[in-house]
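One structure is given below, encoded as structure tokens.
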Amino acid sequence: MQNILDAAIGFSLPHTLEGKTASYIPELSKVDARQLGVAVVDMDGKSWSSGDCHNVFTMQSISKVAALMLAIMDNGEQYVFSKVGMEPTGDPFNSIIKLETMKTAKPLNPMINAGAIAVDSLISGEGVEDKLNRLIGFVRKLCHNDKIWFNQDVYTSESTTGFRNRALANFMKDAGIIEGEVEAVLELYFKQCSIEVNALDIAMMGAVLAGDGKSPITGEVLIPKGIARLVKTFMVTCGMYDASGEFAVRVGLPSKSGVGGGIVAAVPGQMGIGVFGPALDSKGNSAGGIKILEYISKELDLSIF
Ligand code: GLU
């Protein structure tokens with residue numbers, strides 16, 4: 001495994017030059033674009049890593065996976081999916097167009113920004129702080145890391161420039177999709193996107209999903225099996241933005257990426273993989289990270305299809 005990870009980094013590093021760090025969140029544009037790291041955690045909790053696997057980055061959209069699981073545990077599947085759909089969009093992650101042109105303003109799925117903001121409005125708790133603490137507590141369990149917290153600078157940066165997400169949230173409030181106060185939901189959303197992790201953390205989260213919700217370290221069931229399977233299905237159909245189809249063909253693993261440069265992948269029954277490379281391709285996925293996953297998937301014949 002170690003040799004494969006080292007070779008995957010060597011193979012993928014040149015591809016970081018094909019991407020750029022996200023610039024629409026000013027703080028993310030300051031990050032060193034050449035970083036590249038990978039980590040793997042197997043079903044016994046054994047881990048391997050290579051490259052910049054200890055460097056931290058913000059989860060961004062990877063947090064949508066955790067928020068969705070928590071919202072379903074809080075409200076049940078039926079209620080959550082009365083507010084958000086189950087279909088891929090083919091549009092960019094922050095697109096507003098379908099909210100108005102579809103019959104209802106229900107966002108198409110929980111992996112796009114509109115859907116994730118709607119999901120956040122369903123997380124239980126007394127106010128933003130309580131909801132955020134619950135969500136971060138859950139992420140800590142999934143990543144088996146008690147130190148995880150959010151990055152204040154990235155949060156402030158997105159909160160002061162997130163006009164598109166504000167538009168999505170206001171539109172959904174008007175349409176009766178969002179419950180509660182719009183600014184409070186957005187605060188929770190921007191803070192959850194700023195949760196800081198490294199490649200090992202998200203490899204652990206991938207391993208929990210790969211094990212249908214069971215921690216590979218403690219054996220504790222962190223997510224009911226049905227919910228773990230449900231989110232893995234969303235990861236296959238919508239996890240890599242509007243590149244999910246091509247990614248399914250080339251890599252074939254339930255995965256979720258974020259514009260911070262991370263990608264979490266789950267190999268059912270085998271392992272979790274976490275990659276980090278902040279240089280993004282035109283769809284918003286880590287340019288080097290995708291190559292790492294392509295390489296490992298081919299070498300170990302991991303595609304689920
Ligand atoms: N915080 C980011 C946004 O809402 C997350 C996007 C992403 O990672 O896809 O734009």
Side-chain angles (χ1 to χ4, degrees), residues 19-31 56-68 84 88-97 99 107-121 128 132 135-136 139 150-172 178 182-183 185-197 199 201-202 205 231 234-235 237-244 247 255-265 274-287 289-290:
K20 290 200 294 278
T21 53
S23 56
Y24 77 102
I25 300 175
E27 200 62 24
L28 294 184
S29 64
K30 299 180 187 164
V31 167
V56 290
F57 56 93
T58 52
M59 288 182 102
Q60 299 298 336
S61 272
I62 297 172
S63 66
K64 292 171 182 171
V65 172
L68 175 62
V84 60
T89 69
D91 297 321
F93 62 95
N94 57 1
S95 177
I96 199 163
I97 189 162
L99 287 181
L108 275 169
N109 71 68
M111 297 291 126
I112 52 172
N113 287 7
I117 293 167
V119 163
D120 271 7
S121 81
V128 178
L132 182 70
L135 184 56
I136 291 185
V139 171
F150 75 94
N151 180 312
Q152 181 69 42
D153 293 337
V154 176
Y155 159 66
T156 307
S157 182
E158 185 170 15
S159 179
T160 49
T161 56
F163 302 109
R164 172 82 69 119
N165 285 325
R166 281 209 163 73
L168 293 171
N170 280 301
F171 192 96
M172 289 190 289
I178 281 194
V182 171
E183 271 311 309
V185 177
L186 284 166
E187 185 183 339
L188 177 62
Y189 175 74
F190 292 142
K191 284 186 173 162
Q192 89 170 40
C193 286
S194 309
I195 295 174
E196 214 163 40
V197 289
D201 293 326
I202 58 170
M205 174 176 172
V231 296
F234 277 116
M235 288 162 76
T237 57
C238 327
M240 302 297 287
Y241 310 120
D242 43 333
S244 297
F247 185 83
S255 304
K256 181 74 200 92
S257 74
V259 294
I263 307 175
V264 57
V275 298
F276 166 53
L280 308 179
D281 64 19
S282 60
K283 301 279 172 95
N285 292 310
S286 169
I290 285 199

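When a ligand or atom number is given, it counts from 1 through the structure's own listing order. Everything quoted here is computed from the prediction, not taken from an experiment.
Protein heavy atom closest to atom 3 (C) of ligand 1, with residue, atom name and distance, is E158 OE2, 3.1 Å. For atom 5 (C) of ligand 1, the nearest protein heavy atom (residue, atom name, distance) is Q60 OE1, 3.4 Å. Here the protein heavy atom with the shortest distance to atom 7 (C) of ligand 1 is S61 OG, 2.6 Å. Nearest to atom 4 (O) of ligand 1 among the protein's heavy atoms is Y189 OH, 2.7 Å.
For ligand 1, the atoms closer than 4.0 angstrom to any heavy atom of V259 are 6 (C), 7 (C), 8 (O), 9 (O). Residue Y241 approaches ligand 1 through these ligand atoms, each under 4.0 Å from one of its heavy atoms: 7 (C), 8 (O), 9 (O). For ligand 1, the atoms sitting less than 4.0 Å from at least one non-hydrogen atom of C193 are 1 (N), numbered in the order shown with element in parentheses. Atoms of ligand 1 lying under 4.0 Å from at least one heavy atom of N165, given by number and element, are 3 (C), 4 (O), 10 (O). Set against the non-hydrogen atoms of G258, the atoms of ligand 1 under 4.0 Å away are 8 (O). Annotation for ligand 1: atoms under 4.0 Å from non-hydrogen atoms of Y24 are 2 (C), 3 (C), 5 (C), 6 (C), 10 (O).
Among all heavy-atom pairs drawn from F234 and P110, the shortest one is CE2-CD, 3.5 Å. Minimum interatomic distance between A114 and M172 (heavy atoms only, all atoms of both residues): O-CE, 3.1 Å. Of all non-hydrogen atoms in I202 and V275, the two that sit nearest each other are CD1-O, 3.8 Å. In terms of heavy-atom proximity, Y241 sits nearest to S244 at O-OG, 2.7 Å.
S63 and Q192 share a side-chain donor-acceptor pair at under 3.5 Å. In this structure, a donor-acceptor pair under 3.5 Å is present between the side chains of S257 and N285. In summary, the side chains of K191 and S194 do not present any donor paired with an acceptor at a separation below 3.5 Å, with no hydrogens or angles considered. No side-chain donor-acceptor contact under 3.5 Å links N113 and N94.
Contact annotation: F190 has no heavy atom less than 4.0 Å from any atom of ligand 1.
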